[in-house]
Amino acid sequence: MHPMRIRKINRITCTVCLRFSRRQLFSQTAHHIPAMNNESNNIKVLVRVRPTLPRELDANEGLTPQSLVSMPSPGCTTLLNPTTNEQKSYYFDECVWSFNPMDVSYIDNQQFYNRLGPDLLTHLFEGFNVCLLAYGQTSSGKTYTMMGEEKQPGVIPSLIKDILKQVEISVNQKVHCELTFSYVEIYNEQVVDLLNKDQSVKCKVRENPQTGPYVENLREVKISNYAQFLNLLKLGNKVRSTASTLMNDLSSRSHAVITLTLHQTRYEDEVGDGIGNASEQMTSNIKLVDLAGSERLARTKLYGQQQRMKEGASINKSLTVLGRCINLLAQRNNKTVIPFRDSILTYILKENLAGNSKTCMLFCISPLDYEETIQTLNYANEVKKIKTLAKANKTKLPTVPVNWDDLQKSESSVIDSLRNEVETLTNKLTSLELERNNSLALSDSTLVENKESTKFKNLMEFLEKDSAKTKFENRYLKQQLAKNNKHISELQTQIDFVYQFEVENMKQDMAKSQLIKDIERCRHTIKTDLVKFDPASFLAQ
Ligand SMILES: Nc1ncnc2c1ncn2[C@@H]1O[C@H](COP(=O)(O)OP(=O)(O)OP(=O)(O)O)[C@@H](O)[C@H]1O
């Protein structure tokens, strides 16, 4: 594999391994991108221009070159043609200026996430399928925006942190959330499951008539804390490096797709403060896609159609087909058949490009490369015409609203709950191992009769559901217990205070009565002395 690529994958893994502080996370005022509502929406289009790279500075004798791109207002991007000096303006939902950190309008990763995060999070928890795609030529800042760096975490780690925090908040409202994580790479029309060490398992894309295309045999792993996400990312990146070495190509020619699926279950109230039965369920997902560098797609446009198809097929068919789908979708002709199935990428993204999804596409551009940038901006201009039809995937599950401010406050409680989670997971692992051993022992004896094996399967399903419920109940009770303990300790402080106060009062009362007694005794002594007192003898002295 290309050494730059290995360095990049390592960078991605190291970057998110570092926890970011609450201040870093929420230092910027949230400014949301225009809200996406529960109807037909256009795909939201964002454009971000990156700073000059060291090699570009070197080429300009260390001086910052003049950017060909400018963003005179938050929704406008202009591009200067260096040959003709003509300037072309484009209008998008949001234009993000990250050219020079010294500029007042400079937007860093944290600020960028604070604009995008609240909507992504709210839509996911409201039950919508959500998608964020990063598109752009090589080195335009796609991975930097999606994954980020040590001090500037990108959208993916920041979003996962916030999803986990919202999951904790939901538990308190008796909504059990289960989050699963999958990580695939699409290269040369093949899906590589990056979480499966056994690469002999083939992952084909199939279509469910209700929910659309999905990847068969995909490993989806439950995550309930940030450390688990980091481990999976590490594992995925390790497989990604090996896979690209085997393919003898650069992985910048591959697309990375992270999918987070959220299952929410609301439990009814039981008499008292307990948990009743599960009432409603809802499933939604978010796809976070870091596309392969688009520069070759642009170059192929110089060739004739046949040549372009050939190159698309051998180098990066997916991007060529994505471009074709986008052109056809932008024409908004209902009769046109969109060739989603012509590539694995577009097949996987079918729902996100034209179906049930709230989709946002980020176009990363270089400030100096006129040819590539104009291609990307023209492409973005087409994308903004595309409409999707998002519906919340639920019947009537009232969700726990996402409160950005609450999430800020919940930072410390999450760390505490993560500690609890370790304990819960260890217990769960032990019980699962026991369950598995039992099941293996049982299955040996029950294989003899089919009837018995069905019974056993049903029993296992029941046990699985029951153990999920028990786990949730445990978490809920733990939270209630923590709340009660807090209340008890507050009461204890009040009791201590009242006790101290009473003791002080009693002491004062005792001192008072002692004083009264002393005065009484003195009065008595004086009285007795007065009785004995003889003025004549006193005068004679
Ligand atoms: N907004 C930004 N601020 C600071 N540095 C950036 C920014 N965007 C990109 N960079 C830097 O530019 C370089 C290339 O960025 P990145 O690796 O994210 O590009 P890419 O589009 O993912 O490339 P590829 O298609 O090859 O995977 C990196 O060194 C990164 O640190």
Side-chain angles (χ1 to χ4, degrees), residues 1-16 18 24 28 46-59 64-65 67 69 71 77 94-103 105-116 132-158 185-187 236-237 240-241 243-244 249-258 288-299 315-316 318-319 322 345 361-369 372-373 375-376 379-380:
M1 186 173 51
H2 196 285
M4 282 287 282
R5 202 66 210 170
I6 298 177
R7 241 178 284 140
K8 180 166 174 172
I9 290 178
N10 287 342
R11 199 184 77 210
I12 296 169
T13 311
C14 299
T15 295
V16 286
L18 283 146
Q24 276 173 320
Q28 309 298 335
L46 288 84
V47 172
R48 186 181 196 192
V49 62
R50 66 150 169 78
T52 33
L53 301 177
R55 64 173 153 82
E56 291 166 336
L57 282 176
D58 290 349
T64 307
S67 168
V69 176
M71 291 179 174
T77 297
E94 184 110 2
C95 301
V96 183
W97 183 251
S98 302
F99 176 66
N100 187 349
M102 305 312 282
D103 296 341
S105 50
Y106 177 82
I107 303 287
D108 66 14
N109 264 0
Q110 233 27 91
Q111 288 164 309
F112 180 69
Y113 172 69
N114 286 346
R115 290 174 177 211
L116 199 62
L132 173 66
L133 288 139
Y135 179 98
Q137 70 178 107
T138 289
S139 295
S140 58
K142 299 180 293 292
T143 308
Y144 182 87
T145 306
M146 297 297 268
M147 278 300 174
E149 287 189 340
E150 190 182 316
K151 289 194 179 118
Q152 283 291 320
V155 173
I156 294 174
S158 301
E185 173 182 62
I186 303 168
Y187 177 82
N237 288 339
R240 196 174 182 190
S241 320
S244 27
D249 202 330
L250 311 178
S251 61
S252 72
R253 308 307 309 149
S254 77
H255 316 286
V257 185
I258 283 180
L288 302 155
V289 189
D290 187 353
L291 292 169
S294 63
E295 66 292 338
R296 293 205 195 183
L297 171 71
R299 265 169 220 151
I315 304 166
N316 205 330
S318 333
L319 280 181
L322 179 66
L345 175 76
M361 203 155 164
L362 166 72
F363 290 87
C364 295
I365 51 175
S366 143
L368 305 174
D369 191 333
E372 292 296 343
T373 302
Q375 295 286 357
T376 305
Y379 200 70

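Order of listing sets the numbers, starting from 1, for every ligand and every atom in it.
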When you look for heavy atoms under 4.0 Å from ligand 1, do you find them on the side chain of [X], its backbone, both, or neither?
X	result
Ser140	both
Leu53	side chain
Gln152	neither

Among Met146, Gln137, Lys142, closest by any non-hydrogen atom to atom 25 (O) of ligand 1: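 Ranked by closest heavy atom to atom 25 (O) of ligand 1, first place is Lys142.
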What atoms of ligand 1 come closer than 4.0 angstrom to any heavy atom of [X]?
X	result
Glu149	31 (O)
Gly293	25 (O)
Ser98	1 (N)

If the contact criterion is a heavy-atom separation under 4.0 Å, does Arg48 count as touching ligand 1?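 Arg48 counts as a contact of ligand 1 under the 4.0 Å cut-off.
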Does ligand 1 have any atom that is closer than 4.0 Å to a heavy atom of Pro51?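 The answer is yes, since Pro51 has a heavy atom less than 4.0 Å from ligand 1.
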What are the two closest heavy atoms between Ser366 and Val49, and how far apart are they?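 For Ser366 and Val49, the tightest heavy-atom pair comes out as C-CG2, 4.2 Å.
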Where is the tightest heavy-atom contact between Gly293 and Leu319, given as atom of each residue plus distance?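 What the structure gives for the nearest pair is O-CD1, 3.5 Å.
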Within the distance-only criterion (no hydrogens, no angle test), does the side chain of [X] pair as donor or acceptor with the backbone N or O of [Y] below 3.5 angstrom?
X	Y	result
Asp103	Ser105	no
Lys142	Gly136	yes
Ser98	Arg50	no

Any nitrogen or oxygen of Tyr144, main chain or side chain, under 3.5 Å from a nitrogen or oxygen of ligand 1?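 It does: an N or O of Tyr144 is found under 3.5 Å from an N or O of ligand 1.
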To the nearest 0.5 Å, how far apart are CG in Asp290 and CE in Met146?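 Answer for the CG-CE pair, Asp290 versus Met146, is 6.0 Å.
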Over 60° means perpendicular and under 30° means parallel, so classify the ring planes of Phe363 and Tyr379, tilted if in between.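 Judged by the thresholds at 30° and 60°, the geometry between Tyr379 and Phe363 is perpendicular.
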